[in-house]
Every structure is written in C-alpha cells, then in structure tokens.
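Notes follow the structure.
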Amino acid sequence: MTLRIEHFSELDSTNEEARRRASDGERGPLWLRADRQGAGRGRRGRAWVSEPGNLFITGLYVLDRSAGEAAKLSFAAALSVADLIEEAAPGLGPRLKWPNDVLVGGKKICGILLESGSAPGGGLWLAVGIGVNLAHHPDDAERPATSLAAHGVQLEPAHAGERLAHHFDTWLSRWQTSGFAPIRDAWLARAHGLGERCTARLETETVEGIFADLMPDGALRLDLADGTRRLISAGDVFFSGPVKG
C-alpha cells in the first residue's frame, strides 16, 4: 500500500495539523511532513527545536482501540526510527531508551509524541509525531543529542519520511494482527540500559533501581534495592551505568 504523505514548507507543528485534520473528519492513514515547525513540541510540553534539514513528520490514523492501547504504539514509533537508521547506516546500532527515545552512541537522535482523541466518525484518532535529527542536533548537557550528519550519514528528509512511514505501517500491521508482544520483543532486543541501574524521575518522587523488564502494558519494571518492584508508567529515566558484582 502506498501511504499518503503531504509536504509543507512550514507548519506550527505537524501534530497540530494532524489534530485539525482529524477534527475535520480525516481518517488516514495520512502522513504530514514539514520542513520547519514554528511551534514544535515534545513530551510534557517541552519545546522541540525545528531546524530545517531534519525530519518533522506525523502519521494520522483512526483506530478502533482505547487511548491506553494506542499509546503502546510509541514503542512501534521508536522501532520505526531504529529501522530507518539501520537501513541508512547499518553500523550505527541504534538503541531504544524507555519510554520512546532512540539513541545513537548513547545520545538522543529523535523525539516522539503521540496524541489522540475521539474521531468525529467514530473510533480514536491517533497522531504519531516523530522528529529525527538528520542534519542538526541541539546542545543539551542533561539530555545529550546527536544527528545522523554528526556520524557522517546524509539523509534527505523527503526520503527519510517515506521510509519511516513505511516502517511504522509495518509495525502497526503487526500490532493489529499479533498484539503488543512482537513489538515488545523487538524493543527489548534493542533496549538501552536493560539490567543497569537507573533513576526514574516521576511527578512527585524520584525512584532508583535496576531496569529489569518492559511489561506487557509498556510499563518499565524497576527492581529496588529492598527487593520490591515498581512499575513505572510515566517519567524520565536516567542511567548511571552497568551493575557491578
């Protein structure tokens, strides 16, 4: 199936355009790509720097699923970015950091933001927003970033968008036919920090433990020093390195 991709020189954000299209009755699949975003944003309302030459794209789908179930597709989005990178540069070895970061050389190379709502004609509209640092990356001491260009890889946004949409649609089909299990297995095979000590910053507390598993609902399982377990559904995770002994 050929996916529809619309290109814009500039938008406020591709996710906002997807929201408008969904409100107008668009049911997709439709991908919206912009050269520049005037008001790009990441998780928790963070601003997303939108330098021309990078990829800014959002897929719009209407699904017969709950918002909670559809949220698991953030892992499919991360896998799609990893597939794109491996296709363009087989030696880079992207790793996936919970909940939806893609790392190259331990540095963040993309941002993923899923948003959803009730579709006018029934079902749930889902906007799968993905920004990939192809040519540029921001300088951030707490969350170090990188780009494909920093690793000597040149990839045009138009081609990257087409391939990314294809990879995501493949994972979406697997999810629709086989559930979350194949996505979970593939994600764990590329997981950054599995078995390592990490700190999870939550809304009201900070928890430290070992990243032990990805649960079937997408939560991170944290094994604490006192022998108890915590399931983390939302938060920021920072790793301090392998466990010794």
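One-based numbering along the sequence shown.
- The number of heavy-atom neighbours closer than 6.0 Å to NZ of Lys72, taken from other residues, nucleotides and ligands shown, is above 12.
- The shortest distance between side-chain heavy atoms of Asn54 and Pro157 does not fall below 4.5 Å.
- In the model, Asn15 has no side-chain atom that pairs as donor or acceptor with a side-chain atom of Ser13 under 3.5 Å.
- Nearest heavy-atom pair across Ala119 and Arg27 is CB-NH1, 3.9 Å.
- Around the CD atom of Glu87, the shell of radius 6.0 Å holds more than 12 heavy atoms that belong to other residues, nucleotides or ligands.
- Expressed to the nearest 0.5 Å, how far CG of Leu73 lies from CZ of Arg65 amounts to 8.0 Å.
- His166 is linked by a side chain to side chain donor-acceptor pair (under 3.5 Å) to nothing, counting only residues two or more places apart in sequence or in another chain.
- A distance of 9.5 Å separates CD in Glu69 from CZ in Phe180, rounded to the nearest 0.5 Å.
- Following chains of ILVMFWY side-chain contacts shorter than 4.5 Å, one cannot reach Leu124 starting from Trp31, and the two form parts of different hydrophobic clusters.
- Checked for salt-bridge contact, Asp12 and Arg20 meet the test: a charged N lies under 4.0 Å from a carboxylate O.
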**OP:** Decide side chain to side chain contact (heavy atoms under 4.5 Å, CB included) for Thr206 and Phe238; before the verdict, give the C-alpha distance in whole Å, the side-chain angles of both, and the deciding distance to 0.1 Å.
**Re:** CA-CA 11 Å; Thr206 297; Phe238 299 87; over 6 Å; no

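- Atoms CG and CG, from Leu126 and Leu172 in turn, are 8.5 Å apart once rounded to the nearest 0.5 Å.
- Taking both residues in full, the closest heavy atoms of Pro120 and Ser23 are given as CG-O, 3.7 Å, listed atom of the first, atom of the second, then distance.
- Side chains of Gln37 and Thr14 form a contact here, defined as non-hydrogen atoms less than 4.5 Å apart.
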I'd like a table of donor-acceptor pairs (distance under 3.5 Å, sequence neighbours excluded) in which one partner is a side-chain atom from residues 74-86, with atom names and distances.
unit_1, atom_1, unit_2, atom_2, d
Ser74, OG, Ala71, O, 3.1
Ser80, OG, Ala76, O, 2.8
Ser80, OG, Phe168, N, 3.2
Asp83, OD1, Arg190, NH2, 3.0
Asp83, OD2, Trp171, NE1, 2.8
Glu86, OE1, Arg190, NH2, 2.8
Glu86, OE2, Arg190, NE, 3.3

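- With a 4.5 Å cut-off on side-chain heavy atoms, Leu222 and Ile210 do not count as touching.
- Arg19 and Glu115 are joined by a salt bridge, as a carboxylate oxygen and a charged side-chain nitrogen come within less than 4.0 angstrom of each other.
- Heavy atoms only, all atoms of each residue included: Ala22 and Trp125 are closest at CB-CG, 3.5 Å.
- Side-chain contact between His136 and Ser147: absent, with no pair of heavy atoms (C-beta onward) separated by less than 4.5 Å.
- Side-chain heavy atoms closer than 4.5 Å link hydrophobic residues (I, L, V, M, F, W, Y) into clusters, and following such links, possibly through other members, connects Val153 to Val132.
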Subject >> CA sep, side-chain torsions, deciding dist, call: Met215, Leu231, side chain to side chain contact (heavy atoms under 4.5 Å, CB included) >> reply: CA-CA 8 Å; Met215 305 305 289; Leu231 301 182; 3.7 Å; yes

Subject >> Residues Thr58, Ile130; criterion side chain to side chain contact (heavy atoms under 4.5 Å, CB included); working and verdict >> reply: CA-CA 6 Å; Thr58 296; Ile130 303 174; over 6 Å; no

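- The closest donor-acceptor contact from the side chain of Glu26 to the backbone of Gly28 lies under 3.5 Å.
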Subject >> Criterion side chain to side chain contact (heavy atoms under 4.5 Å, CB included) on Phe8 and Arg33, from CA distance to verdict >> reply: CA-CA 6 Å; Phe8 302 83; Arg33 184 177 69 83; over 6 Å; no

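- Once rounded to the nearest 0.5 Å, the distance linking CG of Leu194 with CZ of Arg95 reads 9.0 Å.
- Under the 4.5 Å side-chain heavy-atom criterion for ILVMFWY residues, a single connected hydrophobic cluster contains both Leu224 and Ile232.
- Applying the salt bridge (Lys or Arg N to Asp or Glu O under 4.0 Å) test between Asp213 and each of Arg184, Arg229, Arg230 identifies Arg184 as the sole match.
- Contact of the Ile109 side chain with the Leu148 side chain is registered, since non-hydrogen atoms from C-beta on lie closer than 4.5 Å.
- In summary, of the residues considered (Lys108, His137, His151), a side chain to side chain donor-acceptor pair (under 3.5 Å) with Thr146 occurs for His151 alone.
- When side chains are defined from C-beta on, Leu220 counts as touching Phe211, because their heavy atoms get closer than 4.5 Å.
- The shortest heavy-atom contact between Ala127 and Ala18 is CB-CB, 3.9 Å.
- Counting heavy atoms from C-beta outward, Asn133 and Cys110 have side chains that stay 4.5 Å or more apart.
- By the 4.5 Å heavy-atom criterion applied to side chains, Leu114 and Ser116 are not counted as neighbours.
- No more than 12 heavy atoms of other residues, nucleotides or ligands sit less than 6.0 Å from atom CG of Asp64.
- When hydrophobic clusters are built by joining Ile, Leu, Val, Met, Phe, Trp and Tyr residues whose side-chain heavy atoms come closer than 4.5 Å, directly or via intermediates, Leu32 is not grouped with Leu63.
- Ion pairing of Arg21 with Glu6 is present here, as a side-chain N (NZ or NE/NH1/NH2) and a carboxylate O approach within less than 4.0 Å.
- In this structure, the side chain of Trp98 engages the main chain of Gly218 through a donor-acceptor pair within 3.5 Å.
- The minimum heavy-atom distance linking Ile5 with Ala165 is given by the pair CD1-CB, 4.3 Å.
- No path of Ile, Leu, Val, Met, Phe, Trp and Tyr side chains, each step under 4.5 Å between heavy atoms, connects Leu11 with Ile57, placing them in separate hydrophobic clusters.
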Subject >> side-chain hydrogen bond (donor to acceptor under 3.5 Å, both in side chains) between His192 and Asp101, intermediate numbers included >> reply: CA-CA 10 Å; His192 170 77; Asp101 286 344; over 6 Å; no

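- Taking all atoms of both residues into account, the shortest heavy-atom contact from Ala88 to Leu155 is CB-CD2, 4.1 Å.
- Asp236 places no side-chain N or O within 3.5 Å of a backbone atom of Arg201 that could act as its donor or acceptor partner.
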